[in-house]
Student: 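Supplied in structure tokens, the structure appears directly below.
Convention: sequence-line order gives letters A, B, ...; per-chain numbering from 1. Note that the coordinates shown come from a computational prediction; the quantities given were computed from them, not determined experimentally.
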Amino acid sequence: MTTDNEKQLKKMKVRMPPSPTGYMHIGTVRMALFNYLYASQHDGQIVMRMEDTDRERSKKEFADDIIDGLRWLGLGWDEGPYYQSQRGEIYKRYLQRLLDENKAYWCFCSQDELEAQKQYQMSRGEAPIYSGKCFEMPRAQAEELIRQGRKAVVRFRGSKKKIAFNDIVRGRIEFDCSLTGDFVIAKDLDNALYNFTVVVDDCEMGITHVIRGEDHISNTPKQILVQEALGIEMPVYAHLPIVMGADRSKLSKRHGAVAITEYRRQGYLAEALINFTAFLGWNPGTEKEIYSMEELLRDFSLDKVQKGGAVFNPVRLDYLNGLYIRQKTPAQLAELCLPYFIEAGLVSKEGQDYKNRQTAEIIEPGFLEKIVAYQQPRLKKLSEIVDLSGYFFTGQLDYDKDLLKWKDATLKEIADALDELINLFSKIETGDWGRQKLEEIVMSRIAGFNLAQGKPEKDRGYLLWPLRVALCGQKMSIGPFEMADVLGREKTLKRLMAAKDLASGTSSAETLFDN
RNA sequence: GGCCCCAUCGUCUAACGGUUAGGACGUCGCCCCUUCAAGGCGAAAACGCGGGUUCGAUUCCCGCUGGGGCCA
């Protein structure tokens with residue numbers, strides 16, 4: 001036993017104990033994040049431990065997904081990962097010890113027998129408790145039966161006392177252990193169960209603080225009982241509120257797209273996920289809601305953690321992600337978006353160069369940067385860049401000529417407007433080509449036009465709308481001058497001429513674009 | 001069924017006995033405006049119910065109701 005003094009000197013140590021029975025979801029992230037923040041703030045150590053004792057449901061694929069995901073989020077650890085599936089010998093040793101000390105015993109009762117008993121107890125409104133029947137069996141007899149190959153589970157000899165523990169989030173929590181009875185801690189010597197392995201591991205790994213989901217509150221008294229039987233010191237507990245789906249039940253696979261890997265694939269940023277997750281059950285008590293990891297490390301505290309469960313609201317995550325996307329520099333954003341362009345088959349990497357796969361042209365430096373910079377305020381997630389920007393990569397636009405019409409303009413007027421634009425743009429040298437220059441020229445032309453004609457009611461849409469459609473072939477896009485800037489002088493003029501032909505009815509497939 | 005936990009706008013939440021119950025997302029309206037965004041301004045929107053305690057309860061206590069979790 002350590003004294004209080006030693007306890008204080010003992011370094012804080014927490015654990016991240018995910019169960020690899022599914023891809024990592026937001027609840028796992030929150031558990032890891034709060035442990036990470038708390039340990040980091042207190043100069044503590046973090047142990048990563050895969051709780052994969054459930055051989056049926058645990059998969060390596062899931063364990064790898066969780067490890068990979070946590071690293072991506074920046075939630076590292078100092079020790080591990082340990083795998084409970086590889087620690088059977090350790091559990092066996094402790095199991096044997098409890099058996100030897102008569103604190104646990106073999107139970108030979110059949111499933112049917114137990115089930116009948118439980119039904120009977122429940123029908124009388126009593127708590128379903130094991131009778132303790134097999135505890136009466138002499139040890140030697142039990143061992144003999146085991147040697148004969150009889151199937152038996154290991155039961156922990158419970159207690160009838162009351163147990164209380166102090167929870168950092170919830171305060172004092174009490175349980176009456178007479179309602180727990182003798183519970184099963186192992187299916188056999190090689191297969192210890194959750195409430196046993198946790199206690200053994202936490203002890204072996206020197207865990208001082210257990211920060212986990214509130215779904216474990218009910219397990220805590222059993223674990224405390226096992227600790228006492230093993231002479232282990234009780235760690236400090238903090239039970240976090242649960243993360244729920246829209247239906248207010250514990251978040252799980254059946255809530256649809258909850259896998260973090262999937263969010264990552266769609267282009268959610270780690271910092272958005274972290275910020276979002278931190279505020280699921282915690283807040284600083286101020287009105288500041290945008291938090292970087294550094295700021296979280298500064299301001300986070302467990303005693304400001306909410307007690308009630310929180311519903312996971314993906315719409316808010318979208319907002320935060322958009323916000324973080326808008327904070328990126330064009331260069332950063334271009335790098336983040338590049339994989340999506342490549343995956344969509346718009347861009348390919350050949351040697352040192354990136355190529356436009358639609359037109360086989362080399363992509364000039366700055367091309368992607370310009371696109372993403374202009375699209376930046378429209379992005380909620382990175383993957384959206386593809387659908388928003390496809391028209392920059394194509395060699396030929398395909399749209400209906402009526403799309404060129406602004407309000408009640410005729411095709412003739414549109415053709416004239418396009419002609420006007422071609423004239424204006426042709427005069428600009430390639431070296432002067434740029435968003436600002438183009439805008440200046442067109443806008444002053446519009447102003448002059450309106451002044452000269454004395455009819456300001458002819459709004460700028462008559463010029464700008466056909467310009468937009470000519471350049472992208474659709475009604476939603478970034479600004480027309482921005483598009484022209486991205487496309488450059490040559491392609492802009494080509495698209496304008498193609499549109500003019502289309503509007504004036506002289507178009508043919510061949511005249512649209514050369515390439 | 002037993003035990004445990006929880007309870008403020010639709011959602012995340014602030015409030016630590018006295019506030020016009022605050023903020024954010026979302027929704028709606030307006031502005032900007034060549035589209036879609038972004039941005040700016042504004043609006044609607046909450047203390048689950050019933051008892052106490054108190055001069056005064058969203059806030060403290062009890063009960064109910066509701067939700068969730070753990071046991072198999």
Student: For A:Leu388 and B:C36, give me the distance from atom CG to atom P, rounded to whole Å.
Tutor: 14 Å
Student: Within the structure shown, what part of the strands sits under 4.0 Å from A:Lys307 by heavy-atom distance: base, sugar-phosphate, or nothing?
Tutor: sugar-phosphate
Student: What residues in residues 157-182 of chain A put a non-hydrogen atom under 4.0 Å from any atom of RNA chain B?
Tutor: A:Arg170, A:Ile173, A:Glu174, A:Phe175, A:Leu179
Student: Determine the interatomic distance between C1' on B:C60 and the same-named atom on B:A15; round to the nearest Å.
Tutor: 15 Å
Student: Is A:Asp202 salt-bridged to A:Arg49, cutoff N-O under 4.0 Å?
Tutor: yes
Student: Under 6.0 Å between the ring centres of A:Phe393 and A:Phe367?
Tutor: yes
Student: Could you go over nucleotides 68-72 of chain B and give all protein N or O partners under 3.5 Å, atom names and distances?
Tutor:
unit_1, atom_1, unit_2, atom_2, d
B:G69, OP1, A:Lys250, N, 3.1
B:G69, N2, A:Ser218, OG, 3.1
B:C70, OP1, A:Lys250, NZ, 2.7
B:A72, O4', A:Lys118, NZ, 3.1
B:A72, O2', A:Lys118, NZ, 3.0

Student: Should B:C33 form a Watson-Crick or G-U wobble pair with both distances under 3.5 Å, which nucleotide is its partner?
Tutor: none
Student: Within 45° of the ring axis of A:Phe135 and under 6.0 Å from its six-membered ring centre, is that where the NZ or CZ of A:Arg157 lies?
Tutor: yes
Student: Let's test this: given Watson-Crick or G-U wobble pairing with both distances under 3.5 Å, identify the partner of B:G1.
Tutor: B:C71
Student: Classify the nucleic acid contact of A:Gly281 as base, sugar-phosphate or nothing, counting any heavy atom under 4.0 Å across all strands shown.
Tutor: sugar-phosphate
Student: Taking atom P of B:C36 as reference, at what distance in whole Å does atom NZ of A:Lys475 sit?
Tutor: 10 Å
Student: Using the side-chain heavy atoms of A:Asn283, tell me which of these nucleotides is nearest: B:U13, B:C36, B:U11.
Tutor: B:U13
Student: May I ask you to check whether A:Trp282 and A:Phe279 place their ring centers less than 6.0 Å from one another?
Tutor: yes
Student: Has the side chain of A:Arg172 got a donor or acceptor atom that lies under 3.5 Å from a matching backbone atom of A:Ala164?
Tutor: no
Student: Find the distance A:Phe276:CZ to B:U13:C1' and express it as a whole number of Å.
Tutor: 13 Å
Student: Distance check needed: B:C12 C1' versus A:Leu251 CG, whole Å only.
Tutor: 15 Å
Student: Who does B:U19 pair with, Watson-Crick or G-U, both distances under 3.5 Å?
Tutor: none
Student: Taking only the P atom of each, what is the distance from B:U11 to B:C49 in whole angstrom?
Tutor: 16 Å
Student: Sort out the partner of B:C25 for me: Watson-Crick or G-U wobble, both distances under 3.5 Å, none otherwise.
Tutor: B:G10
Student: Specify the separation, in whole Å, of atom CG of A:Leu463 and atom P of B:U35.
Tutor: 14 Å
Student: Distance between the P atoms of B:C16 and B:U54, in whole angstroms?
Tutor: 23 Å
Student: Roughly how many Å is it from CD1 in A:Ile129 to C1' in B:G2, rounded to a whole number?
Tutor: 9 Å
Student: Quick one: pull up CG in A:Leu95 and OG1 in A:Thr197 and give me the separation to the nearest 0.5 Å.
Tutor: 10.5 Å
Student: Nearest 0.5 Å please: distance from the CG atom of A:Leu338 over to the CG atom of A:Leu382.
Tutor: 11.5 Å
Student: Shorter than 3.5 Å, N or O on both sides, protein versus nucleotides 20-26 of chain B: list them out with atom names.
Tutor:
unit_1, atom_1, unit_2, atom_2, d
B:G22, O2', A:Glu287, OE2, 2.9
B:G23, O4', A:Glu287, OE2, 3.1
B:G23, N2, A:Glu289, OE2, 2.9
B:A24, O4', A:Glu289, OE1, 2.7
B:A24, O2', A:Glu289, OE1, 3.2
B:A24, O2', A:Arg316, NH1, 2.9
B:C25, O4', A:Arg316, NH1, 3.2

Student: How far does the C1' atom of B:A38 sit from the matching atom of B:C33, given to the nearest Å?
Tutor: 13 Å
Student: Whole-Å distance between B:C33 C1' and A:Met476 CE?
Tutor: 16 Å
Student: Can you tell me how far C1' in B:C30 sits from the matching atom in B:A44, rounded to whole Å?
Tutor: 15 Å
Student: Would A:Gln223 and A:Thr220 satisfy side-chain hydrogen bond (donor to acceptor under 3.5 Å, both in side chains), going step by step from the backbone distance to the final call?
Tutor: CA-CA 5 Å; A:Gln223 293 168 17; A:Thr220 308; 5.1 Å; no
Student: What are the two closest heavy atoms between A:Asn321 and A:Ala272, and how far apart are they?
Tutor: OD1-CB, 3.3 Å
Student: Could A:Lys328 and A:Glu271 be called an ion pair, given the rule that one side-chain N must be under 4.0 Å from one carboxylate O?
Tutor: yes
Student: Mark yes or no for whether A:Ser110, through its side chain, and A:Glu113, through its backbone, hold a donor-acceptor pair below 3.5 Å.
Tutor: yes
Student: With a 3.5 Å distance limit and no angle check, can you tell me whether A:Glu214 reaches the backbone of A:Ile242 through a side-chain donor-acceptor pair?
Tutor: yes
Student: If the P atom of B:G67 is compared with that of B:A72, how far apart are they to the nearest Å?
Tutor: 24 Å
Student: Roughly how far, to the nearest 0.5 Å, is CZ of A:Arg378 from CZ of A:Arg326?
Tutor: 11.0 Å
Student: Between B:G63 and B:C55, how many Å separate the two C1' atoms, rounded to a whole number?
Tutor: 26 Å
Student: Mind checking who B:C60 pairs with, Watson-Crick or G-U wobble, both distances under 3.5 Å?
Tutor: B:G52
Student: Using a 4.0 Å heavy-atom cut-off across all strands, classify A:Gln306 as base, sugar-phosphate, or nothing.
Tutor: sugar-phosphate
Student: If you measure from the C1' atom in B:A43 to the same atom in B:C5, how many Å do you get, rounded?
Tutor: 38 Å
Student: Are any non-hydrogen side-chain atoms of A:Met50 and A:Phe62 less than 4.5 angstrom apart?
Tutor: no
Student: A:Glu482 CD to B:A37 C1': how many Å, rounded?
Tutor: 11 Å
